[in-house]
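These notes concern the structure reproduced below.
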Protein chains: 2
Amino acid sequence: MARMIDVAEKAGVSIKTVSRVLNNEPHVKDALRERVRAAAEDVGYVPSSPARALRSRRSYAIHMISHSHRSAYVNAIQFGAVQTCQERGYQLMVSLMEDLRDMPEADLVARFERLVEASKPDGLILVPPLSNDERLYHVLERFDVPVARVGPNNLPDARIIVKINERAAARELTAHLIALGHSRIAFVRGKEDQNATHERFAGYKEALDQSGLVLDETLVHPGDFGFSTGLKAGDALFALADRPTAVFAANDDMAAGVLMAAHRLRLDVPGDVSVVGFDDSEIAEKMWPALTTVRQPLLAMGNEATRQLIDAATQSDPALSGAPNEYLDYEIIHRDSTGPVRQS
Amino acid sequence: MARMIDVAEKAGVSIKTVSRVLNNEPHVKDALRERVRAAAEDVGYVPSSPARALRSRRSYAIHMISHSHRSAYVNAIQFGAVQTCQERGYQLMVSLMEDLRDMPEADLVARFERLVEASKPDGLILVPPLSNDERLYHVLERFDVPVARVGPNNLPDARIIVKINERAAARELTAHLIALGHSRIAFVRGKEDQNATHERFAGYKEALDQSGLVLDETLVHPGDFGFSTGLKAGDALFALADRPTAVFAANDDMAAGVLMAAHRLRLDVPGDVSVVGFDDSEIAEKMWPALTTVRQPLLAMGNEATRQLIDAATQSDPALSGAPNEYLDYEIIHRDSTGPVRQS
DNA sequence: TCAGCAATTGACAACGCTGTCAACGGCGCG
DNA sequence: CGCGCCGTTGACAGCGTTGTCAATTGCTGA
């Protein structure tokens with residue numbers, strides 16, 4: 001309701017001075033600065049973001065794009081993103097993007113053109129599997145918008161990446177199982193087009209190698225990160241004559257499926273079989289038994305992605321931005337689904 | 001990049017005509033309309049939303065505000081909201097709001113002033129517990145912005161409400177337990193400041209009354225909708241000399257806690273005790289045993305809230321809008337956590 | 001004391017769009 | 001045949017802000 005001119009009149013200055021004060025620009029005497037601030041407070045001034053965006057070509061908005069598949073993982077990242085946006089006076093907008101593989105290149109470009117051109121976000125946040133999509137990567141190269149990618153990533157020269165060392169985490173978690181005496185450790189893979197599947201599997205394999213164990217291909221099962229494929233994998237694995245004593249599911253949802261398969265067969269967890277997951281999503285501690293898993297600092301990842309985007313947008317010099325893309329810390333969460341292998 | 005004037009030049013018309021065509025306004029000959037559309041397509045025109053918003057005072061954005069506590073419930077509603085926004089060419093922005101009770105009235109007003117004035121959303125979506133907050137209700141009355149509230153609601157004359165009949169659902173679910181032979185049915189309450197707690201409890205009580213059962217206050221336990229209070233309630237209830245044979249937790253997360261308490265005591269579910277929840281959140285089918293619960297059409301609720309807001313913003317005549325606030329359909333989902341009472 | 005320069009302040013245009021209103025042309029009707 | 005009306009189209013202003021640049025002020029140093 002109140003506009004800049006109202007503040008200007010109240011303070012007895014020009015509207016440009018008000019603009020300067022409210023944007024913390026230099027070249028205003030401190031006394032005047034104070035007077036203007038007081039006036040703004042007085043009339044309850046709130047800047048109009050459309051006007052600002054139109055004139056300054058900065059929208060003070062970050063746009064997060066996720067695959068059209070709900071997940072606690074994405075939810076947590078988004079939550080972190082909103083937090084940081086709010087702290088810094090930014091807005092978070094969210095969009096869904098259906099499966100990219102079914103979309104012709106031209107549509108994809110058009111889609112992003114609309115998205116980027118229309119609302120001119122100051123930054124884009126991409127989450128898996130979008131964050132590691134090669135076509136999308138190339139399409140976005142054409143647009144002049146900073147992009148932050150969350151999750152494991154193997155794209156060339158992608159600027160802002162926020163991730164943990166999934167391979168090391170998987171290695172560590174597998175090593176833990178081995179230390180408990182397990183040698184027949186099954187693995188349930190996730191979606192094959194997601195980098196997480198490969199990183200986590202690689203870590204699993206490295207741990208086996210380091211302990212001199214051989215990878216038994218019959219213990220590796222496909223999956224899609226969904227509960228039902230975990231269930232299916234569990235059914236298959238537990239039907240094996242020589243049952244695994246531990247199962248590493250590439251994420252928590254599939255671990256829940258494995259647990260259910262175990263329960264149905266009246267197998268004791270962790271007595272008969274240990275189960276671990278990955279992500280420490282919300283359900284991990286709510287399962288029976290509570291799941292040993294790898295905690296990803298998803299909130300912090302959302303925070304960090306947003307922070308870096310805002311910094312990039314704020315600093316005029318792009319060379320300044322970019323705290324190097326180091327790994328965030330993960331943590332192995334020990335709960336009740338793992339135990340020493342049973343002496344038989 | 002391409003502006004309206006570029007389209008206008010390409011089509012050999014004035015920019016106002018282009019505006020008319022792209023906004024589907026009348027008073028343009030069909031032939032010309034086609035020519036303009038083709039030109040727009042040709043130059044890859046994308047309207048600038050800041051400019052539109054500035055001039056027309058419509059932002060084509062919906063703002064969803066949620067409590068700063070992540071939940072699958074809110075996530076699902078938001079998902080529905082984005083879907084509909086995207087279909088209708090709107091943007092969804094999300095905000096967090098910390099606990100209102102700790103906030104002085106003045107701060108609350110200021111907060112919303114900033115939010116509503118700055119980005120001028122075409123509508124606000126409120127989810128529990130915000131959607132039933134009385135102070136917030138009064139604050140929002142002052143602003144000229146349509147508000148949609150999701151979830152059970154007892155505020156006076158609140159315009160757009162999207163909900164299911166929680167009381168009837170709770171009654172039906174309880175009746176189901178009674179039909180299975182249960183008579184000692186415990187209830188775990190949620191947060192006391194949320195309407196859902198009271199509606200669900202009321203339904204539970206009505207079912208007992210209708211079957212001539214008396215409500216045993218020792219079987220009613222407090223909670224806060226969180227897993228850990230469910231666990232605590234379960235511990236307490238199962239320690240009772242005369243244990244309940246069924247537990248109705250006011251939401252799924254608490255039901256998961258009750259289940260864990262049962263498992264720890266080596267109680268068989270549903271053999272020794274039946275457990276039900278409410279919401280059919282994502283974890284319901286992933287628990288052991290899979291949870292019997294009430295499905296809320298959360299996606300549809302998000303869709304509906306958004307649809308009504310957009311309709312209200314689109315139609316100039318406010319009387320036209322507002323399909324009356326009827327209940328959306330719920331569904332009792334029968335899974336494996338309920339069974340007949342054991343003959344002893 | 002006064003030129004010269006930096007610090008401060010303001011006037012004005014412009015961002016890209018839509019609302020208002022005027023101009024134009026064709027057509028029905030007297 | 002001419003008047004007036006309606007359906008089309010366009011010129012122009014203005015939404016609220018920031019960028020550019022000029023004007024003013026205050027201060028330093030010769």
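Between the C1' atom of dT18(D) and the CZ atom of Arg57(A) lies a distance of 11 Å, rounded to the nearest Å. Rounded to whole Å, atom P of dT17(D) lies 13 Å from atom OH of Tyr60(A). Separating the CD1 atom of Ile5(B) from the P atom of dG10(D) is a distance of 12 Å, rounded to the nearest angstrom.
Near DNA chain D, meaning a heavy atom under 4.0 Å away, the residues from residues 43-55 of chain B are Leu54(B), Arg55(B).
Summarising the geometry of Ser119(A) relative to Ser59(A), their closest heavy-atom pair is O-CB, 3.7 Å, with the distance given to 0.1 Å.
Contact footprint of chain A on DNA chain C: nucleotides with an atom under 4.0 Å from a non-hydrogen protein atom, first to last in 5' to 3' order, dT8(C) to dG16(C).
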Please list, one pair per line, the donor and acceptor atoms closer than 3.5 Å that link side chains of residues 13-22 of chain B to other protein atoms, with sequence neighbours excluded.
unit_1, atom_1, unit_2, atom_2, d
Ser14(B), OG, Lys16(B), N, 3.3
Ser14(B), OG, Thr17(B), N, 3.3
Ser14(B), OG, Thr17(B), OG1, 3.3

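Each side-chain hydrogen bond (donor to acceptor under 3.5 Å, both in side chains) pair with one or both residues in residues 26-39 of chain A, not counting sequence neighbours, would appear here, but there are none. Under the side-chain hydrogen bond (donor to acceptor under 3.5 Å, both in side chains) criterion, the residue pairs touching residues 71-94 of chain A are Arg58(A)-Tyr90(A), Gln78(A)-Gln78(B), Thr84(A)-Asn303(A), Arg88(A)-Asp311(A), with sequence neighbours excluded. Residue pairs meeting the salt bridge (charged side-chain N to carboxylate O under 4.0 Å, His left out) criterion with at least one member in residues 127-141 of chain B, sequence neighbours excluded, are Glu105(B)-Arg135(B). Applying the salt bridge (charged side-chain N to carboxylate O under 4.0 Å, His left out) test to every pair with at least one member in residues 43-57 of chain A, sequence neighbours left out, gives no pairs at all.
Applying the ring pair (Phe, Tyr, Trp, His ring centres under 6.0 Å) criterion to Phe79(B), with sequence neighbours excluded, gives no partner residue. Partners of Asp6(B) by side-chain hydrogen bond (donor to acceptor under 3.5 Å, both in side chains), not counting sequence neighbours, listed by chain and number: Arg3(B). With sequence neighbours excluded, the residues satisfying side-chain hydrogen bond (donor to acceptor under 3.5 Å, both in side chains) with Arg111(B) are Glu98(B).
One axis for each end of the helix from dT1(C)-dA30(D) to dG30(C)-dC1(D), each built from five base pairs, and the angle between them comes to 50° at 10° resolution.
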Would you tabulate the pairs of protein nitrogen or oxygen atoms and nucleotide nitrogen or oxygen atoms of nucleotides 6-9 of chain D closer than 3.5 angstrom?
unit_1, atom_1, unit_2, atom_2, d
dT9(D), OP2, Lys29(B), N, 2.8

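Using a 4.5 Å heavy-atom cutoff, the side chains of His63(A) and Leu115(A) are in contact. Put simply, the side chain of Ile125(A) does not reach to within 4.5 Å of the side chain of Ile65(A), judged on heavy atoms.
No donor-acceptor pair under 3.5 Å is formed between the side chain of Asn132(B) and the backbone N or O of Asn153(B).
For the pair Lys16(B) and Ile15(A), nearest-nucleotide mapping onto DNA chain D gives the more 5' position to Lys16(B).
Checked for salt-bridge contact, Arg114(B) and Glu117(B) miss the test: no charged N lies under 4.0 Å from a carboxylate O.
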